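Data block below; observations after.
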Protein chains: 2
Amino acid sequence: MQLSELSERSGVSVASVKYYLREGLLQPGAAVSARRSEYDEDHLRRLRLVRALLTVGGMSVAQARDVLAAAQDPAFDRHSRLGVAQYLLPPRVTTPPAGTPEAAAWQERRAEVLALLRDELGWRIHDGAPALDALTEALLTLNSLGYATTEGTLRDYANALHPIAEAELDVIDEHPAIDEAIEAVVAYTVLYEPVLLSLRRLAHEDVSARRRR
Amino acid sequence: MQLSELSERSGVSVASVKYYLREGLLQPGAAVSARRSEYDEDHLRRLRLVRALLTVGGMSVAQARDVLAAAQDPAFDRHSRLGVAQYLLPPRVTTPPAGTPEAAAWQERRAEVLALLRDELGWRIHDGAPALDALTEALLTLNSLGYATTEGTLRDYANALHPIAEAELDVIDEHPAIDEAIEAVVAYTVLYEPVLLSLRRLAHEDVSARRRR
DNA sequence: GAGTCATGGATAGTGCGACTATCCATCCAT
DNA sequence: ATGGATGGATAGTCGCACTATCCATGACTC
């Protein structure tokens with residue numbers, strides 16, 4: 001198929017497809033001549049994934065490029081790829097510069113959280129996990145606004161989420177085509193986030209409705 | 001305190017504070033004279049909340065304004081405010097225009113999800129809940145990429161999330177100052193999202209590490 | 001084999017959101 | 001009385017995600 005057909009079938013304008021090609025979000029088509037290339041179903045799939053990451057996943061073009069590149073890197077095995085996706089995925093957080101007084105509080109809080117997850121819950125997580133930074137950031141922000149975040153709450157969250165994560169990896173592990181379609185990992189990681197958040201809000205609504213009587 | 005001090009204590013530039021004032025994210029200070037106003041601790045709190053919504057919460061200035069305005073509206077009681085926050089909060093989703101073939105599939109899927117939550121799980125949720133739209137959108141996107149989303153998965157997610165929602169409302173209900181600091185609801189709803197997502201990613205890492213052996 | 005037309009590639013332009021900078025006519029504190 | 005900050009208005013900047021225009025070429029149509 002040619003560019004115009006790729007554009008039509010995906011619902012993305014020709015100009016935008018060109019833009020994604022330029023930015024490296026899409027593999028170039030097979031050059032059939034200097035001024036003509038052939039695209040296949042894989043390009044279409046990839047294009048759809050890109051759109052999903054940008055819209056549903058809320059990622060920037062640059063983030064999407066990095067993640068897709070890393071997820072495709074054959075140097076990573078199946079499980080590392082999940083890690084890679086996670087390590088590159090937003091939210092990226094700006095840690096305070098070393099030396100400042102905030103940095104100390106930051107490190108302290110981070111260590112507390114890590115200790116809770118590792119020692120108390122027995123989670124095997126890497127020290128440099130960016131999700132840990134994001135978590136620290138969120139907790140400190142909450143605190144700075146005057147809302148306490150107790151250890152108990154955090155533990156409850158963690159315990160509630162763990163079986164979900166387990167189930168998700170089950171699905172990924174069972175996925176037959178996952179070695180060819182590596183993007184599946186990215187898709188699952190990013191695109192299930194809105195599912196989770198939506199359900200949480202709906203649960204809020206339910207609980208609120210019940211209590212109201 | 002004056003503008004410069006408000007700026008200093010919040011770490012937000014004077015120009016930005018002026019911008020937020022213009023955009024209605026911040027209440028104007030008490031005009032002590034034509035060219036001088038007085039700001040208090042409430043302004044500082046609010047400014048910090050605004051920054052948190054924009055950075056940690058990833059909201060746009062317009063969204064933050066709408067949410068804060070609604071959350072402050074005295075026409076809403078305690079529980080409605082949670083609803084208000086939820087109904088205004090991102091992600092906002094673009095439903096397909098009526099009449100198109102996608103719209104039919106969209107409605108069908110939405111009805112399925114609603115039935116699952118309402119009839120099977122007994123959740124009391126409103127038909128027009130925007131989170132339901134976001135959920136439908138996410139599921140359809142996943143499907144269009146070739147990833148099946150089974151009813152069972154959804155049910156598992158829902159069941160895992162419900163106790164979390166319950167616990168969150170507990171905290172909010174116990175909050176003594178919540179009637180004065182209505183923003184607490186917004187803060188909890190928005191700022192706990194990154195906590196949830198970060199923990200999910202960390203749980204992924206743990207599960208992945210265990211399975212790797 | 002001429003004409004038409006989409007293509008790949010390059011480059012420039014657009015629209016928007018979130019600031020940021022400049023001005024100016026006052027005040028207020030010193 | 002006066003220099004520096006202030007509120008208010010207006011204009012400018014910057015980054016991002018496109019979008020539009022051009023161009024030389026090559027492929028398909030007749």
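Bear in mind the structure is a predicted one, so any value in this text is a computation, not a measurement. Protein chains get the first letters and strands the later ones, always in sequence-line order, with residue 1 at the start of each.
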Inset, instruction - Considering only NZ, NE, NH1 and NH2 on the basic side and carboxylate oxygens on the acidic side, decide whether B/R9 and B/E41 come within less than 4.0 Å. - result: yes
Inset, instruction - Please say whether more than 12 non-hydrogen atoms of neighbouring residues, nucleotides or ligands are located less than 6.0 Å from CD in B/E23. - result: yes
Inset, instruction - Using a 4.5 Å cut-off on heavy atoms from C-beta on, say whether the side chain of B/L154 contacts that of B/T149. - result: no
Inset, instruction - Measure the shortest side-chain to side-chain distance between B/M59 and B/R65 over non-hydrogen atoms and say whether it is less than 4.5 angstrom. - result: no
Inset, instruction - Identify, between A/S37 and B/L54, the residue whose nearest nucleotide on DNA chain C lies closer to the 5' end. - result: A/S37
Quickly work out the [X] [atom1] to [N] [atom2] distance and round it to whole Å.
X     : N      : atom1 : atom2 : result
B/L25 : C/dC19 : CG    : C1'   : 12 Å
B/L3  : C/dC28 : CG    : P     : 16 Å
A/Q63 : D/dG15 : CD    : C1'   : 14 Å
A/L53 : D/dC16 : CG    : C1'   : 17 Å
A/L26 : D/dC18 : CG    : C1'   : 15 Å
A/Q27 : C/dG8  : CD    : P     : 14 Å
B/E38 : C/dC27 : CD    : P     : 17 Å
B/Q2  : C/dC28 : CD    : C1'   : 9 Å

Inset, instruction - Give one of base, sugar-phosphate or nothing for B/E23, where a contact means two heavy atoms less than 4.0 Å apart. - result: nothing
Inset, instruction - Assign B/R65 to base, sugar-phosphate, or nothing according to its heavy-atom contacts below 4.0 angstrom with the strands shown. - result: nothing
Backbone N/O of [Y] and side chain of [X]: donor-acceptor pair under 3.5 Å:
X      : Y      : value
A/H43  : A/L26  : no
A/R201 : B/T189 : no
B/R46  : B/L25  : yes

Inset, instruction - Write down the atom of B/A52, the atom of B/L191, and the distance for their closest heavy-atom approach. - result: O-CD2, 3.8 Å
Legend entry - Pairwise distance OG(B/S13) to NZ(B/K18) - rounded to 0.5 angstrom: 10.0 Å
Inset, instruction - List in numerical order all residues of residues 15-22 of chain B for which some heavy atom is under 4.0 Å away from an atom belonging to DNA chain C. - result: B/A15, B/S16, B/Y19, B/Y20, B/R22
Legend entry - Earlier contact from the 5' end, DNA chain D, for B/V14 and A/S13: B/V14
Legend entry - Annotated protein contacts, base or backbone, on nucleotides 24-30 of chain D with a non-hydrogen cut-off under 4.0 Å, one of B, S, - each: BBBS---
